[in-house]
Each structure stands twice: as structure tokens, then as C-alpha cells.
Amino acid sequence: MLDLRFIRENPDKVRWAIQVKRVGLDLDELLAVDQEVLKLKRQIQTLNEEKNSNSKRMGKATPEERPQIIQRGKEIGDELKALEPRLRETEESLRQLLLLVPNIPDADVPVGLDDTENVEVYRWGNQPIFDFAPLDHVQILENHGWADFKRVADVAGSRSYMLKNEMVILEHALHRFAMDRLMEKGFTLLTAPSMAREFAFEGTGHFPTGKDQVYYLPADDLYLSGTAEVPVNALHSGEILSESELPIKYAAISPSFRREAGSGGRDVRGLIRVHQFTKVEQYILTKNDPEESKRLHETILGNAKEILEALEIPYRVVEVCTGDMGAGKTKMHDIESWVPSEQKYRETHSCSSLGDWQARRTNLRYRDADGKVQFCYTLNNTALATPRFLVPFLENHQQADGSIRVPAALQPSLGGKEKLG
RNA sequence: GGGGAGGUGCCAGAGAGGUCGAAUGGGGCCGCCUGCUAAGCGGUUAUAGCCUAAUCCGCUAUCGAGGGUUCGAAUCCCUCCCUCUCCGCCA
């Protein structure tokens, strides 16, 4: 959400963002509704002033005066009763429109239509050269009895999977590894709930536009979140933090769920795109300072890079262009890990800066050194998400004998094992 | 799932239809005072909106959330959320 005053005063900037982010929103309609809300509020305020002074007179009024006061009060009440529902409706439509207003991308973000126009900015590691016929991750898993896709599909539908034996241990070891790293860096570890109420999804910006990507539990009016970002952002909703406790750095692990509606036949095979996964997410609340936010963006991006480097996975970083970045973001980098079987890089991490866009939605504020109340800035980045991450891990580390090499950094988390299988 | 108690400002806690944006105590901040400190004294201490040159003043809203009753609601009624507690069920 953007500041309404900012929208009023900078409609051209907002129009530009709507255009380059390819958001379907009529700003003129929003501005007209905004004026209507202001008009109604003024009318109601004037009536309330009169209502208050009128009923204040009642206390000291003589019995003869009372009928007049009551009469006038009733008239005011009737007028208010006519106006208040109109204000409520108009405010609600304004809110709905406001939820669609995108954040303004930073000036240096590449303008583009979709992911083909993202810009590679960094590359690390060598793509492995195999002196044998490398397998893809599904073949590797099946050869070792490390997963079941077929049976479990009958149980839980397409895009489901079941890891088995050493893969279960590896998955846990990877998460443990990521969490250990982040704890060392001063992050507060959380197990975040996967279920949350609607307001939490509105807070991060996943609602209203992404509602069809989210599982809904009607009996309890709860939704399953696709990232710990949702519950963690909502955690401090409505609070006024003090500047001294910022930045708050959370590393939250949660089972995550995505319906993948509309992704049709894309990536139906294997572990790339599944409905349920486990993710360690970095989530930062910081002060209202673009420079500080930039530094933290680099920090959490760096944390993910370190994890990949320790796990010896070749990757690249792309700067995401305007058309491919979410509405709330001012800046976004994806980290893509090398997938040998596809001979391409695939997104495994996503690092975003959102300015105060999420904080305004969740009413998440802090008191600065001057005592002024400000909205926080928020940022997030994946630390590690499985099972997708198993794809580059298994494929890059496969050996001629079919085993999987365990990078030295991960061996302690795997009971010292140097290879799997 | 069933029963009971409760949600008030930074915290504790009064308030039971008008004089309540809200007593009192604690904390914080500013000042005064006493060799320092402690104690003491005075003042101040919410958020959003409207108005405004203004973070002054004034006005409006907010006592878990949303509705309702009333000339007037923190106070009465309804719905929901949350906390505590007892019983039942349960990994």
C-alpha cells in the first residue's frame, strides 16, 4: 500500500509503476473515490460536531428545552444514518483499490515485460562437466529408492511427492544447515504457522490478486500460506516498535503450500514445482531508510549466496525487471541454481525489498529517535527451500557410480557422511 | 465440543448512560531543588483524520473488532476475535 497523500501528489509516478508492472488498475477511479471519501468524511464530521454540542446541552437543559434538543438530535441522527453507510461503502471500495496500487520500482530497476528481460548481474561456480551420462533428479531419486511419485499421486494428487530414506535425512540436514548459519548471524529462529487469516495475506500483498494461488480452509476461515513471510509480517501487526530494536531479523521455517493454479503443464515432473514444500525464509523489519534497506538487501542476498557456495551449487543472480516483480516490491533479485539436466539456471531463491508497502498494509510502525511514528521497511529472501533445492543438489553432485557427493560444509549436518547412495 | 471469568492508555488498574480521551499508582520525558546519588516538587507523556504556514490551536474518530439501541455509549444489546480457567476429547 502506498501513502494516499503520496498518490494524490504524485499520480504520474504511480501511473508509471502501474504501467511498467503491468497492473490492471484505473488510477483516476481511485482518485475520484478518494475525493468522495473526503467529502463524506467532512460532512459527517460537521454533523458529529453538532451532535456532540447538542447532547452536551442536554445535561444542563431545563425540562422545557429538552424536547427541542431531542428533536434536533433525532434529525442529526437521521442525517448521519443516511451518510454513514455511504461512507463505509465508499471507504471499502477505496481500500480495495488501494490494495492494488503497486509500489514504485527503484530507478535502477530494468524495465521489462517478463522474466526474459531479467538481467544477470552475478555468476558463481563452474557448471559441472560429467565424464559419464548424467541423470536428472527424478532418475537419481528412483534409482536409489529415495522418493515415490506414482503411488503418492493417487493419494494426494498431481505435484505431490514423498521423499524416502536418506532423502528425508538430507532434506532435514539442509534446513538445519541453513538455520545454523542464520542463527550465527544473529537471526531469531522461528517455526512459523502455515495457517493464517485473510488479513495476513493482504498484509504481504498476496491478497487480493493472488487469492487463487492459496489453499482455503472454509471450516475455520483460514488459508495455507506459501511462505513464512505471511505469518511473520503479520506478527507485529498494529504494533509501534522502538527504533532501538530494529532491525529485527527473523529466520522462519514453515511448511508452505501453493496451488500453482494456472501453471498448467509446467514442471509437472519431479520436485521443481510442487504444492507442499518446506522453506527457511529470512524476513527483516527495519527502519524507514532506503540506504539501510539497501544494505540489508545485500546482506540477505549475501546470506543466500554463502549458503549456495558452501553447498557448492553453481548459481547466478538476476535482477528482476519491472514486469516480473511483484506489485509491492521496489527491488528484487532472484538466485537461480544450475540444473544440469535442463542445461539452465532455475530459480531457487528470491530476494525482495518492499519499502514500507507491506508495513502500511499491516500497520507495522516504530517510533524513531525524534519520537515520530514511522512505517517500517520490510525485506525478505529465501535461505533454502526443499524439495526444489534437492534438484540442483542431486544433479550437480552426482558421481559416475551413481552416488551423491556431500560437500564438506554439509557433512557435519549429515553425521559426517561424505556421500549418499 | 460444553461451562465460567475477562479484554480500558507504556504497565497496573478505576469507571456501570451525560461533567470521560478517560481517576489513581508506577514507568518515561522536561524543568526545579538538595555536595553526588536516592528522595522530593512542578509540568508533560496515544494514534489517525479534518483544518492550518505549522509537529501551535481547534474539531472528529478510537476503551479487543464490527454492528445496534439512545438526544447522548468505555458503560446497555447482538455477532465475531483473543486471553485465562474447569470439564470432555486427543498427537
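Just so it is clear: chains get the letters A, B, ... in the order the sequence lines come, proteins before strands, and each one is counted from 1.
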Those residues at least two apart in sequence (or on a different chain) that pass side chain to side chain donor-acceptor pair (under 3.5 Å) with Asp3(A) are none
Taking the P atom in each of rG67(B) and rU83(B), what is the distance between them to the nearest angstrom? 23 Å
Roughly how far apart, to the nearest Å, are rG58(B) and rC51(B) at atom C1'? 8 Å
Measure the distance from CZ on Arg95(A) to C1' on rA65(B) and round it to the nearest whole Å. 13 Å
Which base, if any, makes a Watson-Crick or G-U wobble pair with rA91(B), both distances under 3.5 Å? none
For nucleotides 66-69 of chain B, which of its nitrogen or oxygen atoms have a protein nitrogen or oxygen under 3.5 Å away, and what is each distance?
unit_1  : atom_1 : unit_2   : atom_2 : d
rG67(B) : OP1    : Arg88(A) : NE     : 3.3

Assess whether a salt bridge exists between Asp356(A) and Arg360(A), defined as any Lys/Arg side-chain N lying under 4.0 Å from an Asp/Glu carboxylate O. yes
Are more than 12 heavy atoms from other residues, nucleotides or ligands located less than 6.0 Å from atom CZ of Arg72(A)? yes
With sugar-phosphate taken as primed atoms, P, OP1 and OP2 and all else as base, the protein-contact string of nucleotides 43-51 of chain B at under 4.0 Å (heavy atoms; B, S, -) is ---SSSBBS
What is the distance from CG of Leu83(A) to P of rU60(B), rounded to the nearest Å? 17 Å
Whole angstroms only, please: what is the CD1-P distance between Ile44(A) and rU62(B)? 12 Å
How long is the line joining CD of Glu198(A) and C1' of rA65(B), in whole Å? 15 Å
Spacing between Asn54(A) atom CG and rG18(B) atom C1', to the nearest angstrom: 12 Å
With Tyr315(A) as reference, evaluate His349(A), Glu336(A), Glu309(A), Arg346(A) under the side chain to side chain donor-acceptor pair (under 3.5 Å) test and give the passing residue. Glu309(A)
Hunt down the Watson-Crick or G-U wobble partner of rG6(B), both distances under 3.5 Å, from any strand shown, or write none. rC82(B)
Let me know the distance between NZ of Lys51(A) and P of rU70(B), rounded to the nearest Å. 12 Å
Answer yes or no: is there an ion pair linking Glu92(A) with Arg95(A), defined by an N-O contact shorter than 4.0 Å? yes
Under a 4.0 Å N-O cut-off, is there an ion pair linking Arg5(A) with Asp34(A)? no
As its Watson-Crick or G-U partner within any shown strand, both distances under 3.5 Å, rC71(B) has rG18(B)
What interatomic distance, in whole Å, is found between P of rA48(B) and the corresponding atom of rU55(B)? 12 Å
Pairwise P distance, rA61(B) and rU19(B) [rounded to whole Å]: 12 Å
Mark yes when over 12 heavy atoms from residues, nucleotides or ligands other than Met162(A) sit less than 6.0 Å from its CE; otherwise mark no. yes
Just by distance, no angles: are the side chains of Thr378(A) and Gln358(A) close enough, under 3.5 Å, to form a donor-acceptor pair? yes
Given that both distances must come in under 3.5 Å, which nucleotide forms a Watson-Crick or G-U wobble pair with rG31(B)? rC41(B)
ring-ring contact (aromatic ring centres under 6.0 Å, His included) partners of residues 169-203 of chain A, not counting sequence neighbours, each pair once: Phe201(A)-Phe207(A), Phe201(A)-Tyr223(A)
Between side-chain atoms of residues 408-421 of chain A and protein atoms elsewhere (two or more places apart, or another chain), which donor-acceptor pairs fall under 3.5 Å?
unit_1    : atom_1 : unit_2    : atom_2 : d
Gln411(A) : NE2    : Val406(A) : O      : 2.9

Salt bridge check, Glu91(A) against Arg88(A): does any charged N sit closer than 4.0 Å to a carboxylate O? no
rG18(B) phosphate, OP1 or OP2: any side-chain N/O from Asn52(A) under 4.0 angstrom? no
For nucleotides 78-82 of chain B, tabulate all protein N/O to nucleotide N/O atom pairs closer than 3.5 Å, reporting atom names and distance.
unit_1  : atom_1 : unit_2    : atom_2 : d
rC81(B) : O3'    : Arg197(A) : NH2    : 2.7
rC82(B) : OP1    : Arg197(A) : NH2    : 2.7

Gap in Å between the two C1' atoms, one belonging to rA12(B) and one to rG68(B), rounded: 33 Å
Quick one: does NZ or CZ of Arg361(A) land under 6.0 Å from the six-membered ring centre of Trp357(A), within 45 degrees of the ring axis? yes
Salt bridge flag under 4.0 Å for residues Arg273(A) and Glu260(A): yes
rA53(B) to rA46(B) separation - C1' atoms, rounded to the nearest Å: 26 Å
Span that lies between the P atom of rG66(B) and that of rC87(B), in whole angstrom: 36 Å
Using whole Å, report how far CG of Leu241(A) lies from P of rC10(B). 13 Å
rG15(B) versus rA74(B) - spacing of their C1' atoms, nearest Å: 8 Å
Partner nucleotide, any strand, of rG58(B) [Watson-Crick/G-U, under 3.5 Å]: rC50(B)
Could you state the CD-C1' distance from Glu91(A) to rA61(B), rounded to the nearest angstrom? 11 Å
